[in-house]
Amino acid sequence: MTFSPPDAAARKTARHALVALGAILHREALRFLGQRGRLVAALVRPLVWLVVFASGFRAALGLSITPPYQTYITYEIYIVPGLVGMILLFNGMQSSLSLVYDREMGSMRLLLTAPLPRWWLLFCKLVAGSLISVLQAYAFLAVAGAWGVRFAWPGYLWALPAIFAAALMLGALGLLLSSLIRQLENFAGVMNFVIFPMFFMSSALYPLWKMAEASALLHDVCAANPFTHAVELIRFALYGQANWLAGAVTLGALCLFGAGAIWGYDPARGLAARKA
């Protein structure tokens with residue numbers, strides 16, 4: 001019997017982990033490319049808000065000069081970061097739907113039996129879905145730029161880590177929800193009771209000071225919503241500014257949702273064990 005030195009064993013483990021990451025990224029890329037209408041469907045929803053609703057609300061909604069803005073802005077400019085968040089949110093939920101489908105078909109069970117830590121496999125799945133979300137977000141920003149809503153070129157670069165962090169956080173939420181959903185039919189309930197409240201009770205469509213004018217309680221709920229902080233992180237980044245509070249809340253929510261997903265997929269302690 002031969003024994004490998006510790007450093008050789010560590011390199012072999014790291015190589016296997018990278019191979020798994022590459023394989024999962026490749027699988028998700030092929031799935032995305034095979035679903036040709038997925039990108040179009042992801043863009044239609046925010047474009048409807050940008051082209052139709054934003055035009056209607058332009059005269060009705062006045063926006064004061066608040067950070068990161070240095071002057072008065074139109075509603076279209078304000079809403080674009082929120083619509084980027086919408087893309088990330090819905091794609092994160094769609095990733096959770098694919099996990100439920102994979103579990104019903106058996107491919108998810110096959111993946112999780114690979115001789116690698118389960119948390120790493122879930123992380124690979126999360127990174128793959130988040131990269132697709134980033135691609136969709138920048139496709140929307142390109143269409144919005146063609147429509148006339150543009151930002152300074154450095155802002156698009158500054159926004160990349162913010163968009164990726166927000167995508168990771170919302171993808172981790174999708175992973176957590178996928179550990180709770182046992183059947184595809186239950187996904188509609190998740191849409192109604194998780195996605196829509198999370199989106200509409202945030203600063204994606206209206207600034208928080210507008211919420212405070214309507215209800216102090218509504219303002220507090222929106223301010224506590226992690227999706228609000230993800231949107232604000234993207235909003236400030238598009239103007240080359242850092243929102244440290246939004247970044248801390250987004251990363252904190254990412255760790256919380258990620259830990260919950262790892263626990264939920266643990267066959268010994270998680271929700272899967274209880275429902276087996």
Side-chain angles (χ1 to χ4, degrees), residues 25 28-29 32-33 38-55 57-58 63 65-95 126-172 199 202-208 226-251 253-254:
L25 290 174
E28 291 301 313
F32 177 72
L33 295 175
R38 184 173 173 181
L39 177 60
V40 176
L43 296 179
V44 166
R45 188 182 301 107
L47 285 176
V48 168
W49 277 96
L50 178 63
V51 175
V52 179
F53 290 94
S55 300
F57 288 148
R58 177 189 292 181
L63 297 174
I65 304 176
T66 56
Y69 306 112
Q70 303 297 325
T71 183
Y72 289 101
I73 59 171
T74 62
Y75 186 57
E76 289 95 329
I77 295 177
Y78 176 84
I79 202 178
V80 163
L83 297 180
V84 171
M86 171 193 281
I87 293 174
L88 304 180
L89 176 62
F90 277 84
N91 190 68
M93 297 305 107
Q94 188 169 359
S95 296
L126 175 61
V127 170
S130 299
L131 290 176
I132 292 176
S133 294
V134 171
L135 174 64
Q136 294 175 338
Y138 273 94
F140 169 73
L141 287 174
V143 176
W147 182 254
V149 182
R150 302 182 182 90
F151 303 91
W153 283 110
Y156 292 103
L157 182 61
W158 280 102
L160 178 58
I163 294 174
F164 186 62
L168 286 173
M169 186 267 285
L170 296 170
F199 175 72
S202 72
S203 63
L205 301 179
Y206 314 103
L208 290 181
F227 183 70
T228 291
H229 296 278
V231 170
E232 293 306 306
L233 183 65
I234 297 171
R235 189 187 310 280
F236 276 73
L238 283 170
Y239 288 88
Q241 302 179 33
N243 188 323
W244 299 111
L245 174 61
V249 173
T250 300
L251 293 179
L254 167 60

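Computed from a predicted structure; not experimentally measured.
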Closest heavy-atom pair, Pro81 versus Ile234, reported as atoms and distance to 0.1 Å, is CB-CG2, 4.4 Å
Here the gap from Leu47 atom CG to Trp147 atom CH2, rounded to the nearest 0.5 Å, amounts to 9.0 Å
*Can you check side chain to side chain contact (heavy atoms under 4.5 Å, CB included) on Arg235 and Tyr78, steps first, answer last?*
CA-CA 8 Å; Arg235 189 187 310 280; Tyr78 176 84; 3.3 Å; yes
When rounded to the nearest 0.5 Å, the distance separating CH2 of Trp49 from CE of Met86 is 6.5 Å
Residues Leu233 and Ala246: closest non-hydrogen pair is N-CB, 3.8 Å
Scanning both residues in full, the closest heavy-atom pair of Ala137 with Val84 reads CB-CG1, 3.8 Å
Heavy-atom donor-acceptor pair, Tyr75 side chain to Leu205 backbone, under 3.5 Å: yes
Any donor-acceptor pair under 3.5 Å from Tyr138 side chain to Leu160 backbone: yes
Taken to the nearest 0.5 Å, the spacing of Leu88 CG from Ile132 CD1 works out to 12.5 Å
- Query: Are Arg150 and Tyr156 in a cation-pi setup, meaning NZ or CZ lies under 6.0 angstrom from the ring centre and within 45 degrees of the ring axis?
  - Reply: no
- Message: Just so I know, are the side chains of Leu170 and Phe90 near enough to count as touching, which here means a heavy-atom distance under 4.5 Å?
- Response: no
- Query: Can you check side chain to side chain contact (heavy atoms under 4.5 Å, CB included) on Phe140 and Leu50, steps first, answer last?
  - Reply: CA-CA 10 Å; Phe140 169 73; Leu50 178 63; 4.3 Å; yes
Taking every heavy atom of Pro226 against every heavy atom of Met169, the minimum-distance pair comes out as O-CE, 3.6 Å
For Val231 and Gly85 the tightest heavy-atom approach is CG2-CA, 4.5 Å
Distance col, row Ser130:OG vs Ile163:CD1, nearest 0.5 angstrom, shows 12.0 Å
Could you go through Leu89 and Phe227, starting from their C-alpha distance and side-chain angles, then the distance that decides it, and tell me whether this counts as side chain to side chain contact (heavy atoms under 4.5 Å, CB included)? CA-CA 8 Å; Leu89 176 62; Phe227 183 70; 3.9 Å; yes
The reported gap from CG in Leu141 to CD in Gln136 (rounded to nearest 0.5 angstrom) is 12.0 Å
What do the steps show when you test Trp153 against Trp158 for side chain to side chain contact (heavy atoms under 4.5 Å, CB included), and what is the final call?
CA-CA 9 Å; Trp153 283 110; Trp158 280 102; over 6 Å; no
For Ala172 and Leu126, the nearest pair of non-hydrogen atoms, with its separation, is N-CD1, 3.3 Å
Please check this pair: side chain of Arg45 against backbone of Ile87, looking for a donor-acceptor N/O pair closer than 3.5 Å. no
Rounded to the nearest 0.5 angstrom, the CD1-OH distance for Ile77 and Tyr239 is 5.5 Å
